[in-house]
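Heavy-atom basis, side chains included; hydrogens, waters and symmetry copies ignored. So that the names make sense, note that chain A is the first sequence line, chain B the second, and so on, each numbered from 1.
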2 protein chains.
Amino acid sequence: MARLVAERSDAIAPLAEVFREHGYEGASLALIGEATGLGKGSLYHFFPNGKEEMVQAVLAEIERWFDEAVYAPLRDEVDANGAIDAMLDSVMDYFRSGRRVCLVGALAVSNTRDRFSQAIRGYFVGWVDALHSALVRQGRDDDQARLLSEDAVLAIQGAIVLSRALDDPAVFQRAIDQLRGRLVVEGNHNKGANDDSH
Amino acid sequence: MARLVAERSDAIAPLAEVFREHGYEGASLALIGEATGLGKGSLYHFFPNGKEEMVQAVLAEIERWFDEAVYAPLRDEVDANGAIDAMLDSVMDYFRSGRRVCLVGALAVSNTRDRFSQAIRGYFVGWVDALHSALVRQGRDDDQARLLSEDAVLAIQGAIVLSRALDDPAVFQRAIDQLRGRLVVEGNHNKGANDDSH
DNA sequence: CATAGATTGTACCAATCAGTAAAGACATTA
DNA sequence: TAATGTCTTTACTGATTGGTACAATCTATG
């Protein structure tokens with residue numbers, strides 16, 4: 001039997017989805033209520049500051065998830081190549097081959113950017129820095145790693161835009177493949193060296 | 001003395017700006033009226049189908065401009081390297097170093113995508129195809145040119161997103177520089193051979 | 001100057017918007 | 001079971017939304 005009273009945390013995922021699909025302005029309280037199954041009363045009980053607080057909560061959860069699933073391995077794993085590989089796999093899953101919009105990226109190109117600028121900046125800075133760290137651990141010099149990490153994050157955002165514009169997930173797939181070739185260094189066998197294929 | 005009656009074409013530029021700044025949903029008729037200096041009467045006289053027709057008109061004008069200023073040179077100029085160089089300069093100007101949003105890209109990641117899918121697709125297909133043509137004329141093989149042209153258009157969109165997210169035009173600048181290095185071939189002196197620097 | 005057509009201002013509409021208020025239902029603890 | 005604090009339902013507000021209707025005004029042509 002389902003719980004009759006809801007928790008704030010249960011609302012985050014449907015909130016994220018409705019903001020992704022309709023944007024900040026487009027996500028009306030009617031749509032939000034429908035997506036979360038919560039009435040206005042409940043929504044304003046959990047998020048007294050309305051839509052703005054809902055988006056902030058969603059952005060915080062997105063940041064938390066990326067930090068745990070993507071940034072931390074990039075920063076901490078000894079196997080930098082493996083962490084980068086895993087990042088590309090995670091990204092492919094998370095954005096559903098480009099069918100799913102990046103909420104943070106979408107907010108960045110909207111007029112609501114300024115309202116969420118801190119969270120938006122944090123998301124991307126965290127990503128670029130974490131990837132930079134992995135690239136340096138690969139043995140690349142700082143400047144090249146800086147350029148490359150920025151370029152990779154940028155390419156992922158562009159891939160979402162273009163694959164949605166052309167309605168073709170293969171565009172996203174190709175972009176990820178290209179990145180794998182550009183980011184994962186050849187001849188680096190420090191990932192365990194269990195290459196016993198003889 | 002300014003003309004008392006307006007023309008439809010005069011409204012396109014302010015319309016483009018207001019849709020860029022506020023998105024489709026965010027651009028209310030009040031904002032549109034303010035931006036264009038036109039009342040509802042005039043707006044619905046010129047665009048009987050309302051906002052949708054306004055956006056379609058803006059997208060048509062954007063497509064026309066890009067086709068004339070960017071795609072045509074990429075397709076037709078004998079100097080492919082020069083055309084690509086000019087494209088990157090135009091892009092830098094047009095998007096104001098990433099400060100200005102790409103309306104087509106923004107629509108592609110919004111829920112209004114389906115309504116304008118044909119125009120959105122046309123814009124990006126036109127760009128990728130034109131760049132592909134220039135890259136082939138450089139002497140590259142078809143597959144590499146395909147990948148590279150897609151990658152370049154994608155990188156420009158991503159650069160807009162990231163530079164806005166970080167509020168740093170230098171990100172956009174670096175992305176354009178990177179593209180110049182990747183797209184403009186060295187040692188190709190078929191651009192007129194007026195290299196009389198001896 | 002008269003007429004026709006293009007353009008504009010104003011008043012208006014029903015629907016929807018974000019947000020508020022408060023009484024009621026629920027679960028938790030004692 | 002009584003009391004407390006969390007959650008939900010319902011009704012409501014005033015503002016704004018996109019869109020319509022139409023009379024008034026302007027401009028070009030005869």
Side-chain angles (χ1 to χ4, degrees), chain A residues 1-59 61 103 106-107 110-116, chain B residues 1-59 61 103 106-107 110-116:
Chain A
M1 190 178 68
R3 201 178 38 245
L4 288 178
V5 293
E7 288 181 21
R8 193 185 124 115
S9 61
D10 296 333
I12 303 293
L15 278 175
E17 216 52 44
V18 77
F19 282 121
R20 252 189 281 270
E21 285 172 12
H22 299 275
Y24 183 78
E25 323 253 11
S28 66
L29 285 180
L31 281 170
I32 291 170
E34 195 182 333
T36 58
L38 264 42
K40 285 190 192 183
S42 302
L43 287 169
Y44 275 88
H45 174 67
F46 290 128
F47 308 97
N49 283 334
K51 276 168 56 159
E52 173 149 356
E53 191 171 350
M54 299 179 204
V55 171
Q56 295 285 14
V58 167
L59 290 176
E61 168 59 19
L103 177 59
L107 289 174
S110 82
N111 61 324
T112 53
R113 175 189 63 158
D114 295 1
R115 217 185 297 208
F116 309 109
Chain B
M1 191 177 69
R3 201 179 36 244
L4 288 179
V5 292
E7 287 181 23
R8 194 185 124 115
S9 61
D10 296 334
I12 303 293
L15 278 175
E17 217 51 46
V18 79
F19 282 120
R20 252 189 282 268
E21 284 171 14
H22 299 276
Y24 184 78
E25 323 252 12
S28 66
L29 285 179
L31 281 170
I32 291 169
E34 196 181 333
T36 58
L38 263 40
K40 284 190 192 184
S42 302
L43 288 169
Y44 276 88
H45 173 69
F46 290 128
F47 308 97
N49 284 333
K51 276 168 59 160
E52 173 149 355
E53 189 171 350
M54 298 179 204
V55 171
Q56 295 285 14
V58 167
L59 290 176
E61 169 58 20
L103 176 59
L107 290 175
S110 82
N111 61 327
T112 53
R113 176 190 63 158
D114 294 0
R115 215 183 300 208
F116 309 110

Report summary line: Whether each nucleotide of nucleotides 18-23 of chain D has a protein heavy atom under 4.0 Å at its base (B), only at its sugar-phosphate (S) or at neither (-) is summarised, 5' to 3', as BBB---
Query raised in the report: Per the side chain to side chain contact (heavy atoms under 4.5 Å, CB included) rule, which among Leu59(A), Leu31(A), Val55(A), Leu107(A) passes with Phe19(A)?
Result: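 Checked Leu59(A), Leu31(A), Val55(A), Leu107(A) against Phe19(A); only one passes side chain to side chain contact (heavy atoms under 4.5 Å, CB included): Val55(A).
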Quickly work out the [X] [atom1] to [N] [atom2] distance and round it to whole Å.
| X | N | atom1 | atom2 | result |
| --- | --- | --- | --- | --- |
| His22(A) | dA18(C) | NE2 | P | 12 Å |
| Glu7(A) | dT6(D) | CD | P | 13 Å |
| Phe47(B) | dT8(C) | CZ | C1' | 15 Å |
| Leu31(A) | dG19(C) | CG | P | 15 Å |
| Leu43(A) | dT20(C) | CG | P | 13 Å |
| Glu34(A) | dC17(C) | CD | C1' | 16 Å |
| Leu38(A) | dT8(D) | CG | P | 5 Å |

For the [atom1] atom of [X] and the [atom2] atom of [Y], what is their distance to the nearest 0.5 Å?
| X | Y | atom1 | atom2 | value |
| --- | --- | --- | --- | --- |
| Leu103(B) | Arg20(B) | CG | CZ | 6.0 Å |
| Thr112(B) | Glu25(B) | OG1 | CD | 6.5 Å |
| Glu61(B) | Ile12(B) | CD | CD1 | 7.0 Å |

Query raised in the report: Ala11(B): what forms a side-chain contact (heavy atoms from CB on, under 4.5 Å) with it, not counting sequence neighbours?
Result: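 Listed in chain order: Leu15(B), Thr36(B), Leu38(B), Phe47(B).
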Query raised in the report: Which residue pairs pass the side chain to side chain donor-acceptor pair (under 3.5 Å) test with at least one member in residues 42-59 of chain A, sequence neighbours excluded?
Result: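 The answer is Glu52(A)-Arg115(A).
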